[in-house]
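One-based numbering along the sequence shown.
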Amino acid sequence: MKVVLLLLAVLLCVVSSARGFSLTQHVDFFRRKLEKNAGGEERMKREQRRESGATTIPSALWFDKQQVDHFDPSNDETWSQRYFLNQTFYDATNPLVFLCVGGEGPAFQPTVVVTGGVHCAWMIHLAEKFGALIVAVEHRFYGESMPKPDFSVDSLRYLSSRQAQEDIKGFRAFVTEQYDLPETSKWITFGGSYPGMMASWARLLYPDSFYGSISSSAPVEAQLNFQGYNDVVAFSMNDTTVGGSPQCLFNIRTAFGSLGKVIAEGHQGDLLNLAKTFGVCDPNDILDGKNQKMFLEGFWGLFPLQSNDPSCQGEYCNYEKICDLFTDNQAPENNLLTLFQHGYGDEDCYDIKWSSMLDDLKNESSQDRSWIWQTCTEFGFYQTCDPDTNCPFTTYPWLSTVQSYLDICEDVFGVDAQTTTQDISLSNVFYGGWNYNGTNVFFVNGDVDPWHASSVLTPNDALQQTLMVKGASHHAWTHPSKPTDQASVVAAR
């Protein structure tokens with residue numbers, strides 16, 4: 001059984017499979033684990049197919065002359081960027097274009113311009129209402145949009161949000177010419193998680209090209225030590241709106257404290273017994289500090305950190321059901337074991353090898369490297385569990401540290417800690433972070449989404465708007481509508 005770390009991761013952000021990320025310590029890995037637990041990716045595909053009602057699936061289209069490097073005038077190399085387009089609702093008498101911005105999540109499905117997928121479903125509704133042309137474009141180095149053939153460091157040096165912003169600008173010019181749109185057409189960008197960041201930055205950087213932006217669950221403040229992520233997780237476990245309670249939070253902390261106590265005391269026999277209790281593939285692995293980090297963080301993915309759905313049908317699939325478990329008068333550590341067995345029960349064993357995780361990330365054909373690269377060179381978002389914070393997981397021994405994530409950047413990409421720290425600061429200088437000063441932008445967040453701790457929650461300008469959606473998780477309002485959606489999500493739409 002493979003462990004999933006945090007990095008997201010996640011989000012972002014947005015992703016599926018349990019290595020053993022949203023962006024999540026290893027962000028992408030964690031988000032994928034969350035989606036696997038909830039059946040998220042397949043569920044979303046089913047919803048897309050069901051809601052589209054389309055007899056014809058849109059074909060993939062390609063912008064064949066996108067620049068590989070927008071910042072080197074001597075480099076005239078180009079690549080093909082994938083996009084989708086739907087003219088069903090377009091009213092040429094009032095030219096309006098809605099752009100669903102791609103990001104680090106799963107590749108766009110062709111139905112993205114019919115249903116909107118998880119990031120832009122409400123955009124489709126608005127396009128029908130206002131007569132907009134619907135366009136969706138992938139982000140470089142994600143999905144099928146590859147400026148280079150692999151994910152080696154030499155290739156990934158062309159992966160950055162700034163290169164991708166120039167892609168969006170160039171893409172707008174291409175679509176305008178290709179489809180004979182008026183230059184005065186009003187383009188509005190939409191996205192959730194990292195695509196939400198990209199959507200808001202397009203309006204910030206190119207206000208003459210993009211009229212406005214709907215930016216959902218967008219963590220625009222890059223952070224090396226993203227303590228706020230797990231602080232919000234603790235808030236969610238305590239929030240009665242989603243079925244949490246003070247007793248639930250206390251008991252979860254107690255359970256993780258019990259794990260930490262065994263690891264901190266370091267008695268070999270007790271550690272081996274702990275490993276056997278939780279089915280670790282090689283019990284001796286738990287004797288190593290980095291493997292202990294993997295062991296503890298693997299439990300984080302058992303909780304709906306950024307994917308809480310109050311109407312989900314599975315056992316232990318949301319905070320309410322998990323908190324019912326943790327307040328049933330059983331010992332908290334036994335409840336955690338029950339949750340673990342439910343989440344990982346189908347796996348042969350629990351693989352906690354740090355070295356295996358690094359080996360996977362060193363695979364230059366793996367797209368998992370893309371988002372990790374961006375965290376190392378632009379954003380950080382390392383979801384720590386530091387002492388003296390509200391983190392509900394194991395704070396002693398202190399294993400989920402910033403340094404443990406910086407070690408990944410160094411080991412996998414050769415990016416040292418000083419470079420990562422500096423690059424994160426430069427991102428905030430360039431884009432503004434919490435001091436974002438673009439206009440005609442609407443920042444929407446959910447209060448049980450950990451990523452809101454890095455988003456714009458209060459307008460910085462009279463021409464900005466913000467909304468906090470009570471009880472909502474990661475850009476829940478951008479997902480395809482369901483009859484069971486929370487009232488707060490419906491109201492937000």
Verdict with reasoning, Lys293 to Glu297, per salt bridge (charged side-chain N to carboxylate O under 4.0 Å, His left out): CA-CA 6 Å; Lys293 168 187 164 70; Glu297 289 179 358; 2.8 Å; yes

Candidate pair Ser245 and Asn238, rule side chain to side chain contact (heavy atoms under 4.5 Å, CB included), full reasoning: CA-CA 4 Å; Ser245 68; Asn238 186 60; 5.7 Å; no

Could you check whether any side-chain N or O of [X] sits under 3.5 Å from a backbone N or O of [Y], counting only pairs where one atom can act as donor and the other as acceptor?
X: His474; Y: Ser307; result: no
X: His119; Y: Gly191; result: no
X: Ser216; Y: Val444; result: no
X: Thr419; Y: Val415; result: no
X: Ser356; Y: Ile352; result: no
X: Gln464; Y: Gly438; result: yes
X: Gln465; Y: Pro459; result: no
X: Ser213; Y: Arg203; result: no

What do you reckon, is [atom1] of [X] surrounded by more than 12 foreign heavy atoms closer than 6.0 Å?
X: Gln403; atom1: CD; value: yes
X: Lys169; atom1: NZ; value: no
X: Glu265; atom1: CD; value: yes
X: Lys261; atom1: NZ; value: no
X: Tyr396; atom1: OH; value: no

Taking the side chain as every heavy atom from C-beta outward, state whether [X] and [Y] have any atom pair closer than 4.5 Å.
X: Gln81; Y: Val137; answer: yes
X: Trp373; Y: Val153; answer: yes
X: Asp359; Y: Trp354; answer: no
X: Phe381; Y: Ile424; answer: no
X: Tyr382; Y: Ser400; answer: no
X: Gln374; Y: His139; answer: yes
X: Cys100; Y: Val112; answer: yes
X: Leu99; Y: Ile168; answer: yes

Evaluation steps, ring pair (Phe, Tyr, Trp, His ring centres under 6.0 Å), between Tyr83 and Trp62: CA-CA 6 Å; Tyr83 72 98; Trp62 299 89; 8.6 Å; no

Minimum-distance pair of heavy atoms, taken over all atoms of [X] and [Y]:
X: Asn318; Y: Asn308; value: CB-OD1, 3.1 Å
X: Asp423; Y: Cys376; value: OD2-O, 4.5 Å
X: Pro392; Y: Leu249; value: CB-CD1, 3.8 Å
X: Cys385; Y: Trp398; value: O-CD1, 3.6 Å
X: Thr241; Y: Gly471; value: CG2-CA, 4.1 Å

Residue pair Leu467, Phe443: steps toward the side chain to side chain contact (heavy atoms under 4.5 Å, CB included) verdict: CA-CA 6 Å; Leu467 176 67; Phe443 288 101; over 6 Å; no

Whether Tyr206 and Phe210 hold their rings parallel, tilted or perpendicular, with breakpoints at 30° and 60°: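 Rings of Tyr206 and Phe210: tilted, 30 to 60°.
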
Parallel, tilted or perpendicular: ring planes of Phe174 versus Phe63, cut at 30 and 60 degrees: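 The arrangement is parallel - the two ring planes meet at less than 30°.
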
We want to know whether [X] and [Y] form a side-chain donor-acceptor pair, criterion being a heavy-atom distance below 3.5 angstrom.
X: Gln306; Y: Tyr229; answer: yes
X: His70; Y: Asn75; answer: no
X: Asn445; Y: Ser217; answer: no
X: Glu378; Y: Ser160; answer: no
X: Ser454; Y: Gln223; answer: yes
X: Ser152; Y: Asp154; answer: no

Qualifying residue, where the test is ring pair (Phe, Tyr, Trp, His ring centres under 6.0 Å) with Phe340 and the options are Tyr350, Phe295, Phe256: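 The option that passes is Tyr350.
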
Pairs involving residues 273-284, ordered by first then second residue, that meet side-chain hydrogen bond (donor to acceptor under 3.5 Å, both in side chains) (sequence neighbours left out):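 Counting only pairs at least two positions apart or across chains, no side-chain hydrogen bond (donor to acceptor under 3.5 Å, both in side chains) contact touches residues 273-284.
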
Partners passing ring pair (Phe, Tyr, Trp, His ring centres under 6.0 Å) against Phe108 (at least two apart in sequence or in another chain):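 None.
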
Derivation and outcome, side chain to side chain donor-acceptor pair (under 3.5 Å), residues Ser161 and Tyr431: CA-CA 10 Å; Ser161 62; Tyr431 293 117; 2.7 Å; yes

Near-ring test Tyr194/Phe379, centroid separation under 6.0 angstrom: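 Distance test on ring centres: under 6.0 Å, yes.
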
Result of checking Asn225, Asn230, Thr401, Thr395 against Asp386 for side chain to side chain donor-acceptor pair (under 3.5 Å):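 Only one of Asn225, Asn230, Thr401, Thr395 forms a side chain to side chain donor-acceptor pair (under 3.5 Å) with Asp386, namely Asn225.
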
salt_bridge(Lys290, Asp407) N-O dist < 4.0 Å: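 Yes, this pair counts.
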
Electrostatic pair Glu166-Arg140, nearest N-O below 4.0 angstrom: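 Not counted as a salt bridge, because no side-chain N and carboxylate O are separated by less than 4.0 Å.
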
Pair Ser80-Asp64, side chain to side chain donor-acceptor pair (under 3.5 Å): steps then yes or no: CA-CA 4 Å; Ser80 296; Asp64 291 326; 2.8 Å; yes

Spatial distance of atom CD1 (Ile372) from atom CD (Glu104) [nearest 0.5 Å]: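 CD of Glu104 is found 10.0 Å from CD1 of Ile372.
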
Point-to-point distance, once rounded to the nearest 0.5 Å, from CG of Asn460 to OG1 of Thr439: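 The OG1 atom of Thr439 is 12.0 Å from CG of Asn460, to the nearest 0.5 Å.
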
Residues Phe303, Tyr316; criterion ring pair (Phe, Tyr, Trp, His ring centres under 6.0 Å); working and verdict: CA-CA 8 Å; Phe303 296 84; Tyr316 310 134; over 10 Å; no

Stepwise ring pair (Phe, Tyr, Trp, His ring centres under 6.0 Å) test for Phe299 and Phe278: CA-CA 11 Å; Phe299 289 86; Phe278 288 96; 5.1 Å; yes

Verdict with reasoning, Phe326 to Leu339, per side chain to side chain contact (heavy atoms under 4.5 Å, CB included): CA-CA 9 Å; Phe326 274 90; Leu339 185 63; 4.1 Å; yes

